[in-house]
Amino acid sequence: MARDRKTARKSKAKKEVNGSPEAGESAAKKSKVAEKKEENSTYTRWLMKSEPDSRIENGIDVKFGIEDLKKETNQTACWDGVRNYQARNFMRDKMKKGHKAFFYHSNCKVPGIAGIIEIVKEGYADHTQFDKKELHFDSSSKVDKPKWFMVDVKFVRMTKRFISLPELKTIHLKHKTEGGPLANVSLFTKARLSVMPLTEAEYDFILELENTDPVDKSCTPETTPSDT
DNA sequence: GCCAACGTTGGC
DNA sequence: GCCAACGTTGGC
């Protein structure tokens, strides 16, 4: 079924840290308030990052772009390898079948949104945490009490054009000062999260961009009309 | 390849 | 439970 060379690249085996059931996850209790709010929120739209370019980590290629998802059986794959508690919680507790997400290309020449995917299977144990040969093996996780979770996603379609990070950032900055739907978008307020929620307003606004010209044409090198 | 930002670990 | 040291993410 779903292959498993997803990315959302991550760390290697972690130290054993046990004691409390969820040891580790309270480590970063920065904004307890914000996190509580998040726990109680319902989201239906997401942004999921993956690396489209080859990059070898511990001898394993971490590449998994939207073109790779398309090639999977049923154009469906499990989103394994996420090793961040916040992202884990979203996949384990919040993502539901039928939710839509943007497939975001990270760690590449021009990062940005390449397409749309759909959640087709809700949170279940990420098998790669139990396999020593896997990049994201976690010796502290037990089969009867998995620490890491993943979902299955299915390719829906490419966006009509690539929506680059620089373009999104320009809009985000504008909305921050003048107000607008992307004023607080997680892509910039939680830049390092690989799985993040979007409000429907954020999602709809971004999606509408595919019907417009890029704010700054220099941000979309691929799409220059070159003929004639 | 660099490095800022931020998450995690572990000593105290 | 604080916080310094360390590790990772990911843009640039």
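To find a chain, count down the sequence lines: A is the first, B the second, and so on, and within it residues start at 1. Every heavy atom of this structure was used, including side-chain atoms; hydrogens, water molecules and symmetry mates were not.
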**Student:** Rounded to whole angstroms, how far apart are CG on A:Asn107 and C1' on C:dC12?
**Tutor:**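 Taking CG of A:Asn107 and C1' of C:dC12, I get 11 Å after rounding.
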**Student:** Quickly work out the A:Asn84 CG to B:dT9 C1' distance and round it to whole Å.
**Tutor:**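 A:Asn84 atom CG is separated from B:dT9 atom C1' by 15 Å.
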**Student:** Should A:Arg161 and A:Glu167 count as an ion pair when the cut-off is N to O under 4.0 Å?
**Tutor:**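 A salt bridge is present here (some side-chain N lies under 4.0 Å from a carboxylate O).
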**Student:** Atom CZ of A:Phe188 and atom C1' of B:dA5: how far apart are they, to the nearest Å?
**Tutor:**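 Spelled out: CZ on A:Phe188 to C1' on B:dA5 is 15 Å.
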**Student:** Would you indicate what A:Lys190 reaches in the nucleic acid, counting non-hydrogen atoms under 4.0 angstrom: base, sugar-phosphate, or nothing?
**Tutor:**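 It contacts nothing in the nucleic acid.
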**Student:** CD of A:Glu57 versus P of B:dG1: gap in Å, rounded?
**Tutor:**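 Spelled out: CD on A:Glu57 to P on B:dG1 is 15 Å.
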**Student:** Starting at NZ of A:Lys109 and ending at P of C:dC12, how long is that distance when rounded to a whole Å?
**Tutor:**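 Nearest whole value for this atom pair: 14 Å.
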**Student:** Mind checking what makes side chain to side chain donor-acceptor pair (under 3.5 Å) contact with A:Glu210, not counting sequence neighbours?
**Tutor:**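 Once residues adjacent in sequence are excluded, the partners of A:Glu210 under the side chain to side chain donor-acceptor pair (under 3.5 Å) criterion are A:Arg157.
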**Student:** Using a cut-off of 4.0 Å on non-hydrogen atoms, how would the nucleic acid contact of A:Tyr104 be classed: base, sugar-phosphate, or nothing?
**Tutor:**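 Sugar-phosphate, backbone atoms only, no base.
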**Student:** Find the distance A:Trp148:CH2 to B:dG7:P and express it as a whole number of Å.
**Tutor:**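 One finds 13 Å between P of B:dG7 and CH2 of A:Trp148, rounded.
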**Student:** Please determine if A:Lys190 forms a cation-pi arrangement with A:Phe188, meaning its NZ or CZ atom is less than 6.0 Å from the six-membered ring centre and no more than 45° off the ring axis.
**Tutor:**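 Not flagged: A:Lys190 not positioned over aromatic ring of A:Phe188.
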**Student:** Could you give the CG-to-P distance, from A:Leu193 to B:dT8, as a whole number of Å?
**Tutor:**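 A:Leu193 atom CG is separated from B:dT8 atom P by 10 Å.
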**Student:** Measuring to OP1 and OP2 of C:dC12, would you say a side-chain N or O of A:Lys169 lies under 4.0 angstrom away?
**Tutor:**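 Indeed, a polar side-chain atom of A:Lys169 lies that close.
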**Student:** Side chain of A:Arg192, base of C:dT8: donor and acceptor closer than 3.5 Å?
**Tutor:**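 Yes.
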**Student:** Can you check whether A:Asn107's main-chain N or O pairs, donor with acceptor, with A:Glu51's side chain at less than 3.5 Å?
**Tutor:**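 A pair under 3.5 Å: no.
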**Student:** To the nearest angstrom, how far is A:His136 atom NE2 from B:dT8 atom P?
**Tutor:**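 It works out to 14 Å between those atoms.
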